[in-house]
Amino acid sequence: MESDASSITTAKSEPRSTEGESNASTTTTATAEPKSTEGRRWADVADDEPEEVPETSDGTSTPPDLGAMTIGDSSRGNQTLADPEDSSIEAVTSGDTPYKSAKTFEDLNLSPELLKGLYVEMKFERPSKIQEISLPMILTPPYKNLVAQAHNGSGKTTCFVLGMLSRVDPNLRAPQALCICPTRELAIQNMEVLLKMGKYTGITSILAIPADREHYVPVGKMPPIDKQVVIGTPGTISKWMTAKKLSMSFMKILVFDEADHMLAESGFQDDSVKIMKNILKSSPQCQILLFSATFNDAVRAFVDKIHKDLFVRDYNQMFVKKEELSLDSVKQYKVYCPDELTKVMIIRDRILELGEKVGQTIIFVRSRNSTAVLHNSLVELGYDVTTIQGALKQEDRDKIIREFRDGLTKVLISTDVLARGFDQSQVNLVVNCDLPIRHNSMEPDYETYLHRVGRAGRFGRKGAVFNLICDERDKMLMEKIEKHFNIQAAEVSSWQSEEDFQDALSKAGLV
DNA sequence: AAAAAAT
């Protein structure tokens, strides 16, 4: 993984309105971490690739001491002394709390039970780079809010799950940690990680997603929640909260997964802000973590605003530069084709079989209706594909996901319900049958594009994306995407040539 | 347009 060879840079910013504090200015960089050859690290680095990173300057490198560096800026404090060529993750800490990077889990004062979960269940050996940086910021008092950006497939989930588990007091039988996710699938997936990592801790948890019909209990008849960690979707959480079934009085940590989406999208934003305000009212000290691979300027401004409006507290940040965000390990292609109908032929004749050879495939389309159209034409032709979208019954959604997770199905057609966060290591191929587009505009949806790409190449694995381009609008969208991420998607020269597709996959390192 | 969710 090339990104491991880059360095960490950190910068210190000052909280607004604290003047006259001393600002020692230094920068430190960390060189490539030595790789362990046996077992897995916490982030499950691609195990099929022999790691050949030499243990260079290991002994000579300075550990990144996250507090004691660089300048404070009076405004937002994004100023750093980083070498722009060399920085892939940047931490901006706020205030005077010194943060020391966590080279081992023992550095973090975790309970023995949690450590056992990390080593035995998760098979982690030591913190990854983003964990090394973010965990001390999460776990060091005073507990400050954190806005954390990290690459797709780099293990954000394990970061905030570990954060929640270690901040919960196992002896207090009340909700203390809350995680809000954009989809039920993501909530379920995060819960699975929590159960695994927290297996020996005895910490209790509950999913807050709508129950299916036979398990439905009216909220009024529900007993109050006494579980310590709650993970769910905004509607259900908000419902429980309003009905006073979910007490916010002991809440210590609130996590927004895919935070940019949760805070920016209408429909999500209202619930998210409502929950946040409600928690802060009864639990003003609650720590808020915002995690995502993408934070655009509008979201950043909003985050800054809510901090001013609601908390008036300073917050820490960790982020990645836009140019370094698109995954190097996933090769992106464009396929020109004459019309929409041809897209189906291409998927059928060129992509499906090749895709099955290299693992599993997700095909993204724009609308629920398009999933049905594509699904039917492929099934009619005898192909075994399944489809997921938000209008399906929960049981069906669960079944489709289960079958895909178990490897019983190889090709999944999906709306953007799976664009974010869905983690299935066997997905090596992503097809954008439609490019993602911003509602009511001709602009591409850059964030969604990046998240879709990120469904392949989990944890540094190889992957490929085929973008099907059939008219001027597609072409324009693709050009904008390339420009935005400063990449050049390779062209599959002829959609009619099986060899060209074969070639594309081999260039992506998949065959 | 899609996502969540409750009506």
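Throughout, a chain's letter reflects where its sequence line sits, starting with A, and its residues are numbered from 1.
The distance between atom CG of A:L435 and atom P of B:dA1, rounded to the nearest whole Å, is 17 Å. Per the geometry, CD1 belonging to A:I237 stands 19 Å off P belonging to B:dA3, to the nearest Å. Following rounding to the nearest Å, A:I275 (CD1) and B:dA4 (C1') show an atom-to-atom distance of 11 Å. In this structure, the CZ atom of A:F268 is 13 Å from the C1' atom of B:dA1, given to the nearest Å. Atom P of nucleotide B:dA3 and atom CZ of A:R366 are separated by 14 Å, given to the nearest angstrom. If you measure from atom CG of A:L392 to atom P of B:dA3, you get 9 Å, rounded to the nearest angstrom. Rounding to whole angstrom units, CG of residue A:N369 and C1' of B:dA3 are separated by 17 Å. Taking atom CG of A:L207 as the reference point, atom P of B:dA4 lies 14 Å away to the nearest angstrom.
Listed pair A:R397 / B:dA4 meets the phosphate criterion, a side-chain N or O lying under 4.0 Å from OP1 or OP2. Applying the 4.0 Å criterion to OP1 and OP2 of B:dA3, one finds that A:T415 has a side-chain N or O inside that range.
Here A:H261 pairs with A:F268 under the ring-ring contact (aromatic ring centres under 6.0 Å, His included) rule; sequence neighbours left out. Not counting sequence neighbours, the partners of A:K199 by the salt bridge (Lys or Arg N to Asp or Glu O under 4.0 Å) test are A:E121.
Side-chain atoms of A:S238 and A:K274 include a donor-acceptor pair closer than 3.5 Å.
Contact record, A:W495 with A:Y336: CD1-O, 3.4 Å, taken as the closest heavy-atom pair.
Residues from residues 260-267 of chain A with heavy atoms under 4.0 angstrom of DNA chain B, sorted by number: A:E265, A:S266, A:G267.
Heavy atoms from other residues, nucleotides or ligands lying under 6.0 Å from CG of A:D406 number more than 12. The environment of CD in A:E353 is sparse: at most 12 heavy-atom neighbours from other residues, nucleotides or ligands sit within 6.0 Å.
Residue A:R184 is in sugar-phosphate contact alone, with no base atom involved, counting any heavy-atom pair closer than 4.0 Å across all strands shown.
Between A:Y333 and A:F501, the distance from one ring center to the other does not fall under 6.0 angstrom.
Among the nucleotides B:dA1, B:dA3, B:dA6, the one closest to the side chain of A:T236 is B:dA6.
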